[in-house]
> 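I have a structure I would like to understand better, so I am pasting it below and will then ask my questions one at a time.
Order of the sequence lines sets the chain letters (A, B, ...), proteins ahead of strands, with each chain counted from 1.
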Amino acid sequence: MLKFFEPNKIFSVTSKAPKYVLFLFVVVLSVGLTEALFLSPEDYKQSHSVRIMYVHVPSAWISLGIFSLIFFLSLGSFIFKNKNFPLICKSLAPSGFIFNIIALVTGAIWGKPTWGTWWAWDARITSMLILALFYSMYLLSWRIFENKEKAMKITSFIAILGAINVPIIKFSVDWWSTLHQTSSVNILSKTSIHSSMLIPLAIMTAAFTLFSILIFLMKYNTELIKIKNKGLDRL
Amino acid sequence: MINEIILMNGYGLYVWSAFSFTLISFGSLFIVTKFQLLKEQKKFVSKFGSLSNEKIRAAKLQSINKEILSGNLISKI
């Protein structure tokens, strides 16, 4: 099964996929934006400011999801000694970082009309900021260390260490008294958000997921071509 | 109607700036990633072009090299 993750086998798929993913992303994003900005209702308390949720929440979910994926793949690279897993992680990190920044910035913009402040050292916001620092350290390590073996080990270590922060982000609203409300969308228990808001949220999440897949594919292809460039030097 | 969409009961500035920031971030990341990909592809093609016939034959045995070349608009090989 792990043979599927060999670069030569993957490239035939990843080189063709971006154009289809880009097309799908543009279609889903257009529908999502129309729903989020014009068709979904305003909130009875927050009025139109609730629309910020449609970019803030999916960004936070995806940045957390990507970091979790990086953690599992880093663990996998240690256990199975698979050299392609770190390459996948390296290609996933830029979009994860951008989504993390979007979550922080749109959260600050949403905070001003809702809480009366751009920033608060609330448990959820602080732990998201720590995640951004882990993403920065992860990305910088790939740039700083020229020895690839060393870079793989250090970035894997950062991913494993940073993963401790992921459940803290998720459960911070339950463990501490924070400005954030407890989660409204639950997989295992009842979702407390109305379908008129849940549907645009789901569409925007799908669009953002497609964007992260698109960036991943392009970045992964770049990394593979880089390796092949070095291969040509050795011929 | 248009005013209502733009102003959003006084929340327009917050809503539009949040959506704009998101879309600008998307656009910037896409352009940077695309630029890096094209740069590596160009480098690959120019390196491939400078190889001897024998080395080109050896390199073309790897399907991934052929894939990179076939996906490149500036490929003349």
Side-chain angles (χ1 to χ4, degrees), chain A residues 7-12 14-16 18 22 25 29 33 36-38 42 46-56 58-59 91 94-95 97-99 101-102 105-110 112-114 204 208 211 214-219 221-229 231-233 235, chain B residues 1-2 4-52 54-72:
Chain A
N8 287 333
K9 289 201 170 80
I10 286 182
F11 192 77
S12 59
T14 59
S15 62
K16 293 177 189 80
L22 178 64
F25 163 67
L29 183 72
L33 286 175
L37 286 167
F38 312 114
E42 56 185 289
Q46 298 188 42
S47 185
H48 285 286
S49 74
V50 77
R51 296 185 197 284
I52 299 171
M53 170 181 75
Y54 302 120
V55 286
H56 173 72
S59 304
S91 312
S95 55
F97 179 63
I98 284 292
F99 278 116
I101 297 299
I102 292 172
V105 172
T106 56
I109 296 170
W110 197 7
K112 186 64 183 164
T114 316
M204 287 299 273
F208 285 18
F211 181 75
L214 174 69
I215 296 298
F216 162 72
L217 290 169
M218 286 162 68
K219 191 78 189 149
N221 290 341
T222 310
E223 293 302 324
L224 282 186
I225 298 172
K226 258 187 206 172
I227 292 170
K228 287 293 147 189
N229 269 332
L232 287 183
D233 290 338
L235 270 176
Chain B
M1 174 71 180
I2 298 286
E4 200 182 307
I5 289 170
I6 294 169
L7 298 174
M8 293 188 178
N9 281 348
Y11 293 103
L13 183 67
Y14 300 107
V15 175
W16 289 111
S17 54
F19 277 78
S20 305
F21 179 81
T22 305
L23 296 179
I24 290 167
S25 304
F26 279 10
S28 311
L29 183 62
F30 179 80
I31 289 166
V32 169
T33 314
K34 183 84 185 168
F35 177 75
Q36 287 171 342
L37 177 62
L38 288 175
K39 198 175 125 192
E40 286 303 321
Q41 273 183 330
K42 270 186 191 170
K43 208 191 273 179
F44 184 87
V45 172
S46 74
K47 271 187 187 177
F48 209 91
S50 64
L51 292 176
S52 65
E54 200 182 320
K55 282 179 179 174
I56 286 179
R57 244 176 279 129
K60 276 197 169 178
L61 286 176
Q62 287 190 15
S63 60
I64 189 167
N65 289 339
K66 277 194 273 184
E67 291 266 1
I68 296 167
L69 292 168
S70 67
N72 200 299

> Please flag which part of B/Leu37 lies under 4.5 Å from any non-hydrogen atom of chain A: side chain, backbone, both or neither.
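It is both, since atoms from each part get that close.
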> Any chance you could lay out the side chain to side chain contact (heavy atoms under 4.5 Å, CB included) test for B/Tyr11 and A/Ile52, step after step, and finish with the verdict?
CA-CA 10 Å; B/Tyr11 293 103; A/Ile52 299 171; over 6 Å; no
> Check each atom of A/Ser59 against the heavy atoms of chain B and say whether the ones under 4.5 Å are side chain, backbone, both or neither.
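No part of it gets close to chain B.
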> Please round to the nearest 0.5 Å and tell me the distance separating atom CG of B/Asn9 and atom CD of A/Gln46.
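One gets 13.0 Å once the value is rounded to the nearest 0.5 Å.
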> At a 4.5 Å cut-off on heavy atoms, which part of A/Met204 comes close to chain B: side chain, backbone, both, or neither?
side chain
> If you count heavy-atom pairs within less than 4.5 Å of chain B, which of A/Thr106, A/Leu29, A/Ile109 leads?
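The answer is A/Ile109.
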> I'd like to check A/Phe208 versus B/Thr22 (side-chain heavy atoms, cut-off strictly below 4.5 Å). Are they in contact?
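Sidechains of B/Thr22 and A/Phe208: in contact.
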> Calculate, to the nearest 0.5 Å, the distance between atoms CG and CZ belonging to A/Leu33 and B/Phe19 respectively.
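The CZ atom of B/Phe19 is 6.5 Å from CG of A/Leu33, to the nearest 0.5 Å.
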> Non-hydrogen atoms of chain A under 4.5 Å away: do they reach the side chain of B/Leu13, the backbone, both or neither?
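No part of it gets close to chain A.
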> Compare every heavy atom of B/Phe44 with every heavy atom of A/Asn229, then report the nearest pair and how far apart it is.
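Of all heavy-atom pairs spanning A/Asn229 and B/Phe44, the closest is OD1-CA, 3.0 Å.
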> Please state whether the side chain, the backbone, both or neither of A/Ile101 comes within less than 4.5 Å of a heavy atom of chain B.
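For A/Ile101, heavy atoms of backbone and side chain both lie under 4.5 Å from chain B.
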> Among A/Glu223, A/His48, A/Lys219, single out the residue with the greatest number of heavy-atom pairs under 4.5 Å to chain B.
A/His48
> Nearest 0.5 Å, what's the CG-NZ distance between A/Leu214 and B/Lys34?
9.0 Å
> Taking side chain as everything from C-beta outward and backbone as N, CA, C, O, which of these in A/Ile215 sits under 4.5 Å from a heavy atom of chain B? Side chain, backbone, both or neither.
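Answer is both: backbone and side chain atoms of A/Ile215 are under 4.5 Å from chain B.
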> Which value, rounded to the nearest 0.5 Å, describes the distance between B/Leu29 atom CG and A/Phe97 atom CZ?
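Output value for this atom pair is 10.5 Å.
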> Taking atom CG of A/Asn221 and atom CD of B/Gln36, what is their separation to the nearest 0.5 Å?
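These two atoms lie 12.5 Å from each other.
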> Might you point out which heavy atoms bring A/Ile225 and B/Glu40 nearest each other, and give the distance in Å?
CG2-O, 3.5 Å
> Output, in order, the C-alpha distance, side-chain angles, deciding distance and verdict of side chain to side chain contact (heavy atoms under 4.5 Å, CB included) for A/Leu37 and B/Val15.
CA-CA 9 Å; A/Leu37 286 167; B/Val15 175; 3.9 Å; yes
> What class does the angle between the rings of A/Phe211 and B/Phe26 fall in, given that below 30° is parallel, 30 to 60° is tilted and above 60° is perpendicular?
parallel
> Look up atom CG in A/Leu217 and atom OG1 in B/Thr33, then write down how far apart they are to the nearest 0.5 Å.
11.5 Å
